[in-house]
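These notes are about the structure you will find just below.
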Amino acid sequence: MAADSNDIRSVTDLYNALKYKKYSEVRRICHDHPEYVLQKISVYNDTALDMAAHSKQTDLVLDLLKILPADCNRKLSGIKNDDGNTVLHEVATSDAMKVAAEELLKRDEELVTASNELGEKPIFCAARYGQTQMFEFLADKMELEKLSPEESKAHLRRMEQQFFIFPSPPSVLGLA
């Protein structure tokens, strides 16, 4: 079923409202169209909820979660952008978003162990951005203290990757 021009216009309006920080407009559009909270609206397949989280707008994230239909709440861990990030990956990058993280995990506790395309869990994102309160909160939710050191480490790193080093011409290395 093809989207009609009103839907496309509304989604475009939602994207622009998020982009230009017109958060009351975001709330109005999502209130009128609750399904838009999880609508992928960016070229990177971010949802409105992802974009609000990326903008560090705790109140907006909480408001969007209130608007979200109850039957969608368990799907959050399966909704990922092109990098494989969930909304909790975005929220984990800021200590100021801890209340949003708490609410997200009430709705879908599987978010805490969801990995992105690089094998990063939200706790890895908190550590990478130096968000100690968020890190401690997520570590508590994951019960890392109950795991062995090796099991804990598995949650705190990216998946193993192979890097290929291509030889550079001597002039690039300053050897010519």
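Using modelled atom types and a 3.5 Å distance limit, the side chains of Lys56 and Thr93 yield a donor-acceptor pair.
Looking at residues two or more places apart in sequence or on another chain, you find no ring-ring contact (aromatic ring centres under 6.0 Å, His included) involving His31. Residues meeting the salt bridge (Lys or Arg N to Asp or Glu O under 4.0 Å) test with Glu25, sequence neighbours left out: Arg28.
Considering CZ of Arg27 and OG of Ser24, their distance stands at 7.5 Å, rounded to 0.5 Å. A distance of 8.5 Å separates CE of Met51 from NE2 of His54, quoted to the nearest 0.5 Å.
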TODO: Start with the C-alpha gap between Asn85 and Asn116, add the side-chain angles, then the distance that decides, and say whether side chain to side chain donor-acceptor pair (under 3.5 Å) holds.
DONE: CA-CA 5 Å; Asn85 289 334; Asn116 65 16; 2.8 Å; yes
TODO: Show your working on side chain to side chain donor-acceptor pair (under 3.5 Å) between Thr47 and Asp50 and close with a plain yes or no.
DONE: CA-CA 5 Å; Thr47 65; Asp50 293 331; 3.2 Å; yes
- [ ] Apply side chain to side chain contact (heavy atoms under 4.5 Å, CB included) to the pair Arg107 and Leu76, showing each step before the final yes or no.
- [x] CA-CA 8 Å; Arg107 292 168 180 263; Leu76 294 175; 4.2 Å; yes
Task: Derivation and outcome, salt bridge (Lys or Arg N to Asp or Glu O under 4.0 Å), residues Lys106 and Glu102 - done: CA-CA 6 Å; Lys106 283 180 193 173; Glu102 290 171 345; over 6 Å; no
TODO: Could you check Lys121 against Val112 for side chain to side chain contact (heavy atoms under 4.5 Å, CB included), going step by step and ending with a plain yes or no?
DONE: CA-CA 7 Å; Lys121 291 180 173 53; Val112 78; over 6 Å; no
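Residue Asn45 forms a side-chain hydrogen bond (donor to acceptor under 3.5 Å, both in side chains) with just one option from Asp83, Asp82, Asn81, and that option is Asp82.
Side-chain contact between Leu18 and Ile41: present, with at least one pair of heavy atoms (C-beta onward) separated by less than 4.5 Å. The shortest distance between side-chain heavy atoms of Ile123 and Leu156 falls below 4.5 Å. Looking at heavy atoms from C-beta onward, Leu65 lies in side-chain contact with Val61 at the 4.5 angstrom threshold. Taking 4.5 Å as the limit, every side-chain heavy atom of Leu147 sits out of range of all side-chain heavy atoms of Glu143. Side chains of Ile79 and Thr86 form no contact here, defined as non-hydrogen atoms less than 4.5 Å apart.
Counting only distance, with no hydrogens or angles, the side chain of Lys40 and the backbone of Lys80 share a donor-acceptor pair below 3.5 Å. Under a 3.5 Å cut-off, the side chain of His89 and the backbone N or O of Leu111 do not form any donor-acceptor pair. Of the possible polar contacts, one joining the Ser152 side chain to the Leu144 backbone as a donor-acceptor pair under 3.5 Å is found. A donor-acceptor pair under 3.5 Å links the side-chain atoms of Gln57 to the main chain of Ser55, judged by distance alone. Counting only distance, with no hydrogens or angles, the side chain of Glu90 and the backbone of Val87 share no donor-acceptor pair below 3.5 Å.
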Listing, residues 130-142 side-chain donor-acceptor contacts under 3.5 Å, not counting sequence neighbours, or none:
residue: Gln131; atom: OE1; partner: Asp95; partner atom: N; Å: 2.7
residue: Gln131; atom: NE2; partner: Tyr129; partner atom: O; Å: 2.7

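Scanning both residues, Ser77 and Ala114, for their nearest heavy atoms gives O-CB, 4.5 Å. Minimum heavy-atom separation, Val99 to Leu62: CG1-CD1, 3.8 Å. Nearest heavy-atom pair across Ile67 and Cys30 is CG2-O, 3.2 Å. Closest of all the heavy-atom pairs between Glu117 and Gly84 is CG-N, 3.8 Å. In terms of heavy-atom proximity, Ser10 sits nearest to Ile29 at O-CG2, 4.1 Å. Closest non-hydrogen pair, Gly119 versus Ser115, comes out as O-OG, 4.0 Å.
Within a 6.0 Å radius of NE2 in His155, other residues, nucleotides and ligands contribute more than 12 heavy atoms.
Residues Leu88 and Phe124 do not share a hydrophobic cluster, defined by chaining ILVMFWY side chains whose heavy atoms lie under 4.5 Å apart.
Ion pairing of Glu120 with Arg128 is present here, as a side-chain N (NZ or NE/NH1/NH2) and a carboxylate O approach within less than 4.0 Å.
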